Q: 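I'd like to ask some things about the structure below.
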Amino acid sequence: MIRRSSFVLLLLFTAAIPILAAEHSAAVFKKLQSLAGDWEGKDEHGMAVKTSFKALASNTAMMETLSPSGMEEMITVYSIDHDGIALVHYCPTNNQPRMRVVPASDDVKELSFDFQGAGNLASPEAGHQHHLVLHFDDANHITETWTWRQNGKEMPMVFHLVRKKS
């Protein structure tokens, strides 16, 4: 009887984990939605960078338009994906990396998106954005660290951004 009760409790707990994770994703996605608007700042070399966040599709997706100095514009679309948050990055190199994170709580300071695959990527060795860390410094400051991977080597690009005042 005790084994059966323990087994039932274990099953209930296991079933509850995805529900709790999905709740975290919804709360964290609201934090992403709070980024709506225009942002400007500098990269780690002091070069100008701009980005903007915009809600799409009845607030089910967020689109970021990132414009680093000396580079072509890049688009990233974020959305809830079951118990996580997924992104698709549309890169000027004509590939589309997909990344995902599963938030551990409702109030995260950082989202660390891991590579899941990519559309139009010639090989795993071809250059592509492989990782993104989005750090919420406070309501008006964020830091994005994008990691470019090519031929097994990684090169981070850090952007320190401040919300533009309207």
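Since we're looking at a predicted model, the values are computed, not measured.
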Q: When Asp114 is tested against each of Arg100, Arg98, His131 for side-chain hydrogen bond (donor to acceptor under 3.5 Å, both in side chains), which residue passes?
A: His131

Q: Measure from the ring center of His130 to the ring center of Trp146 and say whether it is less than 6.0 Å.
A: no

Q: On a heavy-atom basis, which atom in Cys91 and which in Trp148 lie closest, and how many Å separate them?
A: SG-CZ3, 4.2 Å

Q: For Asn151 and Lys153, indicate whether the former's side chain and the latter's backbone hold a donor-acceptor pair under 3.5 Å.
A: no

Q: Side chains of Ile142 and Trp39: closer than 4.5 Å at any heavy-atom pair?
A: yes

Q: Output yes when a side-chain donor or acceptor of Ser25 lies under 3.5 Å from a complementary backbone atom of Asp83, and no otherwise.
A: yes

Q: Considering only heavy atoms from C-beta outward, does the side chain of Pro97 approach that of Phe115 to under 4.5 Å?
A: yes

Q: Does the pair Leu32 and Leu134 meet the rule for a side-chain contact (heavy atoms from CB on, under 4.5 Å), with working shown?
A: CA-CA 10 Å; Leu32 273 173; Leu134 177 57; 3.6 Å; yes

Q: Tell me the closest heavy-atom pair linking Ala61 and Val77, and the distance in Å.
A: CB-CG1, 4.1 Å

Q: Look up atom CD in Gln116 and atom CG in Leu87, then write down how far apart they are to the nearest 0.5 Å.
A: 9.5 Å

Q: Minimum heavy-atom separation for Ile80 to Ala26, with atom names?
A: CD1-CA, 3.9 Å

Q: Donor-acceptor check, side chain of Asp81 to backbone of Gly84, threshold 3.5 angstrom: yes or no?
A: no

Q: If the threshold is 4.0 Å, N to carboxylate O, is there a salt bridge linking Glu154 and Arg149?
A: yes

Q: From Leu161 CG over to Phe53 CZ, what is the distance, rounded to the nearest 0.5 angstrom?
A: 7.5 Å

Q: Hey, what do you get for CG (Asp107) to NE2 (His24), rounding to the nearest 0.5 Å?
A: 11.0 Å

Q: Taking all non-hydrogen atoms of both residues, which atom of Val28 and which atom of Ser105 are closest, and how far apart?
A: CG2-O, 3.4 Å

Q: Looking only at side chains, do Asn95 and Thr93 share a donor and an acceptor under 3.5 Å apart?
A: yes

Q: With a 4.5 Å limit on heavy-atom distance, are the side chains of Tyr78 and Leu132 in contact?
A: yes

Q: With a 4.5 Å limit on heavy-atom distance, are the side chains of Met74 and Pro68 in contact?
A: yes

Q: Any side-chain heavy atom of Gln33 within less than 4.5 Å of one from Met62?
A: yes

Q: Counting only heavy atoms not in Glu72, do more than 12 fall under 6.0 Å of its CD?
A: no

Q: Does NZ or CZ of Lys31 lie under 6.0 Å from the centre of the six-membered ring of Phe136, at an angle within 45° of the ring axis?
A: yes

Q: Same cluster or not: Ile75 versus Leu66, using hydrophobic residues (I, L, V, M, F, W, Y) connected whenever any side-chain heavy atoms lie under 4.5 Å apart?
A: no

Q: Let me confirm one number: the CG-CD distance from Leu121 to Gln96, rounded to the nearest 0.5 Å.
A: 9.0 Å

Q: Side-chain heavy atoms under 4.5 angstrom apart, residues restricted to Ile, Leu, Val, Met, Phe, Trp, Tyr: same cluster for Tyr90 and Leu56?
A: yes

Q: Compare all side-chain heavy atoms of His135 with those of Lys109 and state whether any distance is below 4.5 angstrom.
A: yes

Q: For the pair Val133 and Glu110, evaluate side-chain contact (heavy atoms from CB on, under 4.5 Å) and give the outcome as yes or no after the intermediate values.
A: CA-CA 7 Å; Val133 176; Glu110 185 173 277; 3.4 Å; yes

Q: Nearest 0.5 Å, what's the NE2-OG distance between His45 and Ser69?
A: 11.0 Å

Q: Determine, step by step, whether Val158 and Asp43 satisfy the side-chain contact (heavy atoms from CB on, under 4.5 Å) criterion, reporting the C-alpha distance in whole Å, the side-chain angles of both residues, the deciding distance to 0.1 Å, and the verdict.
A: CA-CA 5 Å; Val158 180; Asp43 67 14; over 6 Å; no

Q: Please check if the side chain of Ser123 supplies one atom and the backbone of Glu125 the other of a donor-acceptor pair under 3.5 Å.
A: yes

Q: If you look at every heavy atom in Asn94 and Asn120, which pair is closest and at what distance?
A: O-ND2, 2.5 Å

Q: Of the non-hydrogen atoms in Val101 and Ser112, which two are nearest, and what is the gap between them?
A: CG2-O, 3.4 Å

Q: Please examine the side chains of Thr65 and Met63, heavy atoms only from C-beta on, and report whether any two atoms are closer than 4.5 Å.
A: yes

Q: Is there a side-chain contact between Glu144 and Met157 in this structure, where contact means two heavy atoms from C-beta onward sitting under 4.5 Å apart?
A: no

Q: Without hydrogens or angle criteria, can the side chains of Asp137 and Thr143 be said to hold a donor-acceptor pair below 3.5 Å?
A: yes

Q: Would you confirm whether Arg163, through its side chain, and Gly37, through its main-chain N or O, come within 3.5 Å as a donor-acceptor pair?
A: no

